[in-house]
Amino acid sequence: MNAQAIQAPTISTSNIDSRKLKNKAFRILVIVLSALTISPIALILGKLIVKGIRQINLDFFYQNAPNTLEAMTAISNGEIIPGGIANGITGTIFLVILASLMAIPIGIIIGIFLYENQEKRYANLIRNLSDILQGVPSIVLGLIAYLWVVKNITNGFSALAGSVALAIMMLPLIIRATEETMKMIPGTLKEAGLALGVPYYKVILRVLIPSGFSGLSTGILLSISRVLGETAPLMLTTLGSPVINWDVSAPTSAVPLLIWEFYNDPNMVDLIWSSSLFLMGFVLTLNIISKRISAKRKVI
Amino acid sequence: MENIDRIKDPILSIKDLSIAYNKGAKYAVKDVNVEVKKNAITAIMGPSGCGKSTLLRAINRMHELYPSIETKGNIFLHDEDIMKMSTIQLRRKIGMVFQRPNPFPTMSIYDNVIAGYKLNGIRISKSERDNIVEQSLRNVALWDEVKDSLFKKGTFLSGGQQQRLCIARALAFQPEVILLDEPTSALDPIATSRVEDLLVELKKKYTIVLVTHNMSQAARISDYSMFMYLGDLVEYGKTKMMFTNPRDSKTEEYLTGKFG
Ligand SMILES: Nc1ncnc2c1ncn2[C@@H]1O[C@H](COP(=O)(O)OP(=O)(O)O)[C@@H](O)[C@H]1O
Ligand SMILES: [Mg+2]
């Protein structure tokens, strides 16, 4: 045993005290900072629940948005505003389905292409373009969808135009999620498939994509929750509709569009809160589901 | 290369095989000529990077996975040029098992065994399928261990069981040849010895080509051995002969642990 080792404990008593103090201070700091991070979410949710829950009943989901007269009458009688946001909910679902039908297959194909051509220069180009696309302001995408679809294809505001704008927003997220997921799947799985004589495209479809299911679906759900609240591009493309619409070439409502309409109508202010609460709940649910899936179906 | 033991009626004949990973790059396998005996275990030995895996993978054309790879020479299965066969036909006849057990994680044990049929869209009746699954699992001595959990995920098995499942998956096609690339290097000694016993059992029905990093494994179970060095096939012959009386000084140095 050498001298240093024996000396070591003797320096410490005061040192340990100050270290304990530092530890304590640090822990308090962490708690305070965490609270600061959580508080906006807690405040938002609290405010939405307090202000919005009153309006949420069955009608809220089944009825279309009221007109301003109905709202005014109800308010002057001291009742809650009648009607709901069924046109907005169905519109949002319709738009998301249409956008997903476009963005998911294209995004997955491009993502797999990038994974297969990792080092190639054109793959890098596509990767960079996709990153740039992710940074394009959504209103610009709305304008583009307006020029392409509203002006040239549906000759008027339409669900299709809105979903094209949303699909372009979803695309970079799905591409990235696909590529990252594919990178995490061990190459040995691909080899296992090929060694059974399975053609390459089938190995991708039936081995790699199922093995990456959790990563892919997490990416897709996050991309959906990302576009659920988009308002600006929809104003330029789907316009809005007072009734439920399932026609791709007709104007369609959406929850965020309704919130905007309610905001502009002094009689409907109460509906802002309930609609926002609904939208927030929808996004949170999607997030929780995606977390669940990635925890449960974790194969890689 | 000296090759004293000519093999009668070989199942595989490799002729003047040279492989480079890129055009103009150095050869990973250089001018290899070798014949493989039917119903025997042939081991491929040599230090890391000497081209064992490349040679093995050429036998069922898995090396074509790398698009810029350059292959010269021929490989014949019986008298058929494998380069002229479709990969599905070829890989049905020549199965492969890898270093790390790689059962399909989304599939049950049952589906893993039958995966070659399912993924290729080969239709067979339920009773045929059941039969193939049972036979293949019996062949790898896994049936008794998993017969009550056939529909559980294959990834829940131990490493050794997973590797035997992968061998069963290769056997399901009733191949003629099974290629194994260091199949026990990720396994513990007990699982390793089970796989070794299994290979010795399997050679009655199949021809086995085994890449191994482990000399004592080659000595224990193989009938013929190749020793490769820097892409060259330095020596090839009966394992007993090679271990007791190597003809090449490089082989002797390797076998006595002077490098590797
Ligand atoms: N994918 C690849 N691309 C380029 N070179 C490779 C690749 N795989 C292997 N090589 C090279 O080929 C040679 C033989 O490799 P390999 O057959 O894997 O050796 P072993 O299996 O004996 O360790 C090595 O020099 C290695 O660097
Ligand atoms: Mg190797």
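Since the model is a prediction, treat every value here as computed from it, not as a measurement. Order of the sequence lines sets the chain letters (A, B, ...), proteins ahead of strands, with each chain counted from 1. Below, each value reflects all heavy atoms present in this structure, side chains not excepted, and no hydrogens, waters or symmetry copies.
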Determine, for B/Lys52 against B/Asp181, whether the closest basic-nitrogen to carboxylate-oxygen distance falls under 4.0 angstrom. no
Looking at B/Gln89, B/Arg92, B/Arg57, which makes the most heavy-atom pairs under 4.5 Å with chain A? B/Arg57
NZ/NE/NH1/NH2 to OD/OE distance under 4.0 Å, B/Lys126 and B/Asp130: yes
For the interface with chain A, which of B/Thr87, B/Val97, B/Ile88, B/Leu119 has the highest count of heavy-atom pairs at distances below 4.5 Å? B/Leu119
Charged N-O contact under 4.0 Å between B/Lys84 and B/Glu80: no
Heavy-atom cut-off 4.5 Å, strictly under: side chain, backbone, both or neither for A/Val207 against chain B? side chain
Run A/Glu116 and A/Lys190 through salt bridge (charged side-chain N to carboxylate O under 4.0 Å, His left out) and show every step you take. CA-CA 12 Å; A/Glu116 286 302 329; A/Lys190 183 162 88 179; 3.8 Å; yes
If one checks every heavy atom of B/Arg169 against chain A at 4.5 Å, the contacting part turns out to be both
Given the options B/Leu90, B/Asn60, B/Ile94, B/Asn120, which has more heavy-atom pairs under 4.5 Å with chain A than any of the others? B/Asn120
Toward chain A, the part of B/Pro103 with a non-hydrogen atom under 4.5 Å: backbone
Is the ring pair B/Tyr110/B/Phe151 parallel, tilted or perpendicular, if the boundaries are 30 and 60 degrees? parallel
Check whether B/Leu65 gets within reach of chain A through its side chain, its backbone, both or neither, counting any heavy atom under 4.5 Å. side chain
Side chains of B/Leu157 and B/Glu145 in contact at under 4.5 Å (non-hydrogen atoms): no
